[in-house]
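Throughout, protein chains are lettered first and strands after them, A, B, ... in sequence-line order, and every chain is numbered starting at 1.
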Amino acid sequence: MSKKNGGKPPLSYQSFLKLAGEPSWASSPLSITLSSLPPVGNTGNCNISEVPTVEELGYEETQQDELSPFRGGETEALKRLRESIENKEWVAKFEKPKGDPSAFLKPATTVLSPYLKFGCLSSRYFYICLKDLYKNVKTHTVPPVSLAGQLLWRDFFYTVAFGTPSFDRMRGNKICKQIPWNDDDELLVAWREARTGFPWIDAIMTQLRMWGWMHHLARHCVACFLTRGDLFVHWEKGRDVFERLLIDSDWAINNGNWLWLSCSSFFYQYNRIYSPISFGKKYDPNGDYIRHFLPVLKDMPKEYIYEPWTAPLSIQNKAKCIIGRDYPKPVVAHDSASKDCRRRMAEAYALNQKMSGMVSAEDLRNLRRKLEEDKKPEVENKRQRKLIG
DNA sequence: GGTCAGTTGTTGTT
DNA sequence: AACAACAACTGACC
């Protein structure tokens, strides 16, 4: 069957770099000659409206013990940029996958994304600063992992989002795998409200609610958990939550990363699932991050803090945190849930391949039914095996 | 049609 | 700290 009717592969980062090349302005000296700006007060033909209030934007005044530590504005943005690039060695050695997602007192990245998103910081200025720094060091990392590479990822997602109709949806999106996601609002709400019963996941979702920002890898963990890793909830639902709560949410980057993490596009190794128990542990064995964002667990011994439901009742009593009363029981069993997700992803991929990407709503309904039916015989088989054995 | 690489997995072994 | 096994995806390139 011809591939031209659907299932179009997305642009790759490497291809994007080749196509884009190095922008002409990148080689200009740091003192860029600015094109002339209109005088202050001259707004040309722009229609100026009042800046809406926070309430008008739909954000209610909420009671919160802790607020985002990140202040807005250009002054703050330039200060942050200066502080980041002052440490030349840190910038030169920056490799995105190697940051600590549990670091919150001093985040492992620049946290310049909110300032880029609101236009408080010029991405070109940031890029030129990095190029200038690279010139003055012996060695430095390179895209995709370098700090400059991160800015290029931003442009990569802008480019592919611009060129892809229905980029922010599964249906009608040619680069998006058609996957029979659950429509389970209970699981979605548990995830959104930080009560999945997995402290690592809930701490991250709490940081999202309080700070509007969390480390990139932390975002990966919760996005994987919601979609292909454990809950099998539609990535569009998670995307909506991020779009609402992140202070750096950016339409193209947010949608692009949800497509990525849900293995719907760009990335396809659905066997690689972040463990909601062991992933955080390797960075933060004591669970300080969890203790900070989920104070209800602050006295749980470190042996149990990532899996408090396994703590003996005496320990739970001593920690003043009874699982099921003070902190929720896990909404799923990770081992079986992730296995089931793998099975569903394999079936969905097979269907997409068979249909060359042209998977209809009915095809998905049929696959959902098949996946449910396949589950039943498995239980039957187990019973049979037991009887025989 | 085969090979190889791909920004960020996990578990277990040496 | 580095490696293989796990099970095996896609897309670029030949």
Side-chain angles (χ1 to χ4, degrees), chain A residues 3-4 6-19 91 93-103 107-110 113 130 140-157 160 164 173-179 198 200-201 204 214-230 253 256-285 306-307 334-357 359:
Chain A
K3 250 196 153 181
K4 67 172 181 255
K8 203 174 79 167
L11 182 67
S12 74
Y13 182 83
Q14 293 302 333
S15 306
F16 163 74
L17 292 188
K18 272 189 203 168
L19 284 168
V91 174
K93 287 184 173 164
F94 186 93
E95 273 184 81
K96 191 59 165 285
K98 288 190 181 163
D100 178 354
S102 69
T109 54
T110 63
S113 52
L130 293 174
H140 61 84
T141 51
V142 292
V145 297
S146 63
L147 200 48
Q150 303 313 307
L151 280 168
L152 297 172
W153 276 107
R154 176 173 175 272
D155 268 35
F156 165 74
F157 283 121
V160 68
T164 308
N173 180 348
K174 286 239 166 59
I175 67 165
C176 183
K177 297 256 184 251
Q178 303 298 304
I179 295 166
F198 290 89
W200 173 245
I201 299 297
I204 295 168
M214 66 285 209
H215 185 273
H216 181 71
L217 286 180
R219 300 179 192 202
H220 279 218
C221 287
V222 296
C224 177
F225 183 85
L226 179 72
T227 58
R228 66 183 171 84
D230 288 86
I253 301 171
N257 277 303
W258 277 95
L259 283 163
W260 189 296
L261 261 295
S262 64
C263 282
S264 297
S265 197
F266 308 109
F267 175 79
Y268 311 95
Q269 286 181 256
Y270 55 77
N271 283 306
R272 296 188 182 174
I273 293 173
Y274 291 91
S275 165
I277 295 145
S278 43
F279 187 82
K281 214 185 266 181
K282 69 184 177 201
Y283 296 96
D284 179 16
Y306 284 87
E307 308 167 85
H334 172 66
D335 283 347
S336 55
S338 60
K339 268 203 189 84
D340 199 44
C341 283
R342 280 188 176 96
R343 178 180 70 94
R344 295 192 226 190
M345 290 300 283
E347 295 268 6
Y349 268 47
L351 179 65
N352 277 266
Q353 193 164 56
K354 185 179 148 205
M355 309 302 286
S356 301
V359 178

Looking only at atom P, what distance separates C:dC6 and B:dT7, rounded to whole Å?
26 Å
Return the minimal non-hydrogen interatomic distance between A:N271 and A:R342, and the atom names on each side.
O-NH2, 2.9 Å
Does A:H334 have any ring-ring contact (aromatic ring centres under 6.0 Å, His included) partners at least two apart in sequence or in another chain, and if so, which?
none
With sugar-phosphate taken as primed atoms, P, OP1 and OP2 and all else as base, the protein-contact string of nucleotides 1-9 of chain C at under 4.0 Å (heavy atoms; B, S, -) is -------SB
What dot-bracket string describes DNA chain C from 5' to 3', counting Watson-Crick and G-U wobble pairs whose defining distances are under 3.5 Å, with [ ] for crossing pairs and | for pairs to another strand?
||||||..||||||
Between A:K339 (NZ) and B:dT11 (C1'), how many Å, whole number?
13 Å
Kindly write out the residues that satisfy side-chain hydrogen bond (donor to acceptor under 3.5 Å, both in side chains) with A:S102, not counting sequence neighbours, or none if the list is empty.
A:D100
Please identify each residue that fulfils side-chain contact (heavy atoms from CB on, under 4.5 Å) with A:P143, with sequence neighbours left out.
A:Y13, A:L17, A:S146, A:L152
Contact summary for A:Y268 and A:P10, nearest pair of heavy atoms:
OH-CD, 3.3 Å
If the P atom of C:dA7 is compared with that of C:dG11, how far apart are they to the nearest Å?
24 Å
According to ring-ring contact (aromatic ring centres under 6.0 Å, His included), who are the partners of A:F225, at least two apart in sequence or on a separate chain?
A:F198
Using a cutoff of under 3.5 Å, can you pull out all pairs of nitrogen or oxygen atoms linking the protein to nucleotides 12-14 of chain C, with atom names and distances?
unit_1: C:dC13; atom_1: OP1; unit_2: A:K18; atom_2: NZ; d: 2.9

By side-chain contact (heavy atoms from CB on, under 4.5 Å), A:S113 pairs with (sequence neighbours left out) A:W213, A:D248
Specify the residues of residues 272-282 of chain A, ordered by number, for which at least one heavy atom lies under 4.0 angstrom from an atom of DNA chain C.
none
Between A:V222 and A:I201, what is the shortest heavy-atom contact and its length?
CG1-O, 3.9 Å
Determine the contact category for A:E95: base if any of its heavy atoms lies under 4.0 Å from a base atom, sugar-phosphate if only primed atoms, P, OP1 or OP2 are that close, otherwise nothing.
nothing
Least distance between heavy atoms, A:F16 atom then A:L11 atom
CB-CD2, 3.9 Å
Please verify the inter-ring angle class for A:W200 with A:F279; under 30° counts as parallel, over 60° as perpendicular, anything in between as tilted.
tilted
side-chain hydrogen bond (donor to acceptor under 3.5 Å, both in side chains) partners for A:Y270, two or more places apart:
none
Applying salt bridge (Lys or Arg N to Asp or Glu O under 4.0 Å) as the test, list every pair that has at least one member in residues 270-281 of chain A; sequence neighbours left out.
A:K281-A:E307
Please enumerate all residues that pass ring-ring contact (aromatic ring centres under 6.0 Å, His included) together with A:F94, with sequence neighbours excluded.
A:W90
